[in-house]
Amino acid sequence: MNDLIFKPKIPKVYNPIWLENPLKIITEEEKKIFKSLNIEPLGVINEFILNGGRITGKTTDARDYCMYRLISEEGANIVVTRAEQNDIRGSVFAGFEKLIYKITNNKPQKYFKISKSPFEITFKPNGNKIFFLAINKDINRTKGFEIPKGYIAVVWHEECNEMESEEYLESAKMTFLRFFNKTSKILYAYNIEQLRTHWSNIYFPQKIAKREAIRVYSTWKDIAKLLDPATIAKILEDRARDIEFYRYWYLGHIIGLKGLVFRQFNRKKHVVKQLDIQRIMEYVSTIIVSIDAANKNDATAVGALCILRDGRIIVLDSFYYDPLEKGQLDDVEMSRLICNWWVRFNNRFPTARYVNTMGIVDNANWNLKEMLQGSKSMGYFAWYTATDKVILRDTKRLQNMFGADLILFYCPNDSFNDNKYGILEIESYIYDEKTQEIKKGQQDHFIDMLKYGTYPYQYPQLYYVDQKRR
């Protein structure tokens, strides 16, 4: 295996993960219980809690450690979990694929077998496997799990805070413990939640206090030498702009939920006033027409989310209709206005009709979806309904995308589009200081439209979205 090139860079802060498990103090009472069950206690602390701020290398180091155990030990299997099945392919699985192509010089077939149904990676020389599992919403999802041979060297729970409660971690642990030995480890990686009462902000500190786990806390400063100057400049800019956001986002501190929900949004970075409208479509891989349609007194928001070849999204145009100002409309009249808007969009961007396009609409508006899908003006592209909606998760997705500068808005000086209404929503969307939740009764139709439209971006394999980078 001389042609395998695997030389992980290990920041000092992550050394505890790579070292032997430290000894654990076992009480006399525990010894009696283990003896009565005829079980030998592990006698070590094998749980590690990886938390801190964003851009700290948690995911990279956990992945590299798992790969090291996989290829260097006979019988060492790895289990990687996420909350939902949809989260696996575009995150942890893709991360291992990228690493495999790197260490094999783009020739993975010789050493690895990569399966996407089920998600599984096999290291051919020793037969060790990486299993990818979703464990949220059902404590029995891991029941009956078996490994063909060997033991479990590492269980890596990624983004633990996305799970609904700690019981899913505990249930999975009971399944995996059957395959442990004294060198096995459990890695819990998660980002601090803003809400102090969130289960992860209670469960993990308690494990640390009871010496059931070792905390590995990291910030961007621990890997500063590995970051490019532009990333460091952005971090320092965010610190100067909003120290509370900086503490939460980059240092992993729990702060009170108050003020703006989308602190990451900045007009100077996220609003584009000039672009070459004749050539912009050359850089677009997919157009997602997203709709949050409403009935009676609520507004309707429609947006053309264009995925650029570099991975960013630019909202080139939008349509916003407020019935309180312009009068109520039924689905037929609303579909006619949306079709007219789409015709104007294609007239402004003539080559848009040659770009892969899909539509997504709130599942409460089935009639509108059917009308648009059968409309000649819309072009007969495929439409989907937004059924997988989780307020906290979807809000965090937008926060993360704004934080990574992945969403842009085209706002020319003329009155071409209605993005200005959406930007006002984003800039005025706030938390309720009393309930510590997003304040109810706010205008959020444009925000909901962005949530629906960015879901296919996050899970492109579900919608055949072209995500090729150039």
Side-chain angles (χ1 to χ4, degrees), residues 258-263 265 267 270-271 288-305 315-345 348 359-373 375 377-378 383-387 389-392 394-395 397-399 402 407 409-435 437-455:
K258 59 183 180 180
L260 297 175
V261 174
F262 298 110
R263 294 184 177 189
F265 179 79
R267 281 190 183 233
H270 299 125
V271 173
I288 301 174
V289 180
S290 180
I291 302 178
D292 176 48
N295 298 317
K296 297 184 179 179
N297 297 326
D298 289 333
T300 293
V302 186
L305 282 64
V315 185
L316 275 183
D317 191 9
S318 62
F319 167 68
Y320 195 91
Y321 187 90
D322 188 347
L324 295 180
E325 294 182 2
K326 302 177 182 179
Q328 297 179 3
L329 299 177
D330 58 25
D331 287 343
V332 175
E333 294 172 312
M334 181 57 67
S335 66
R336 186 179 297 114
L337 288 182
I338 294 174
C339 289
N340 291 340
W341 163 79
W342 184 244
V343 170
R344 292 196 301 272
F345 176 83
R348 182 109 177 188
I360 188 165
V361 64
D362 184 4
N363 63 336
N365 301 99
W366 180 268
N367 290 338
L368 181 63
K369 166 186 167 293
E370 292 298 298
M371 292 177 190
L372 295 174
Q373 183 152 317
S375 169
S377 301
M378 296 300 294
W383 283 83
Y384 302 88
T385 51
T387 55
K389 298 181 288 186
V390 181
I391 293 175
L392 181 60
D394 296 340
T395 301
R397 180 172 65 249
L398 292 185
Q399 289 173 331
F402 283 132
I407 302 181
F409 299 92
Y410 177 46
C411 294
N413 293 324
D414 57 28
S415 58
F416 169 58
N417 63 37
D418 289 342
N419 281 344
K420 54 183 176 292
Y421 297 111
I423 291 173
L424 290 175
E425 275 191 12
I426 293 168
E427 291 181 328
S428 61
Y429 204 51
I430 61 173
Y431 287 109
D432 189 320
E433 293 188 27
K434 293 182 179 180
T435 64
E437 296 177 352
I438 294 174
K439 191 171 183 178
K440 296 180 179 179
Q442 301 181 84
Q443 291 288 336
D444 60 358
H445 310 291
F446 194 91
I447 293 170
D448 284 344
M449 179 273 290
L450 289 177
K451 291 178 180 178
Y452 305 151
T454 54
Y455 186 85

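Because the structure is predicted, anything quoted here is derived from the model rather than measured.
Considering all non-hydrogen atoms of both residues, A293 and L368 come closest at CB-CD2, 3.4 Å. Nearest approach of W341 to V289, heavy atoms of both residues: CZ3-CG1, 4.2 Å. Listed here is the closest heavy atom pair of K451 and I391: NZ-O, 4.2 Å.
D418 and S318 share no donor-acceptor pair across their side chains, judged by distance under 3.5 Å alone. Remark: the E425 side chain and the Y320 side chain contain an N/O donor-acceptor pair separated by less than 3.5 Å.
At distances below 3.5 Å, at least one donor-acceptor pair connects side-chain atoms of Q442 with backbone N or O atoms of K439. Checked by atom type and distance alone, the side chain of H270 pairs as donor or acceptor with a backbone atom of F402 at under 3.5 Å. Here the side chain of W383 pairs no donor or acceptor atom with the backbone of K369 at under 3.5 angstrom. No donor-acceptor pair under 3.5 Å is formed between the side chain of E370 and the backbone N or O of N367. N419 places a side-chain N or O within 3.5 Å of a backbone atom of V315 that can act as its donor or acceptor partner. Here the side chain of Y321 pairs a donor or acceptor atom with the backbone of G327 at under 3.5 angstrom.
Under the side-chain contact (heavy atoms from CB on, under 4.5 Å) criterion, V271 pairs with F265, R267, K273, C411, I423, sequence neighbours left out. Listed by chain and number, the residues in a side-chain contact (heavy atoms from CB on, under 4.5 Å) with S377 are C339, V343, S375 (sequence neighbours excluded). Residues passing the salt bridge (Lys or Arg N to Asp or Glu O under 4.0 Å) test with D362, sequence neighbours excluded: K389.
The closest side-chain heavy-atom distance from Q443 to L424 is not below 4.5 Å.
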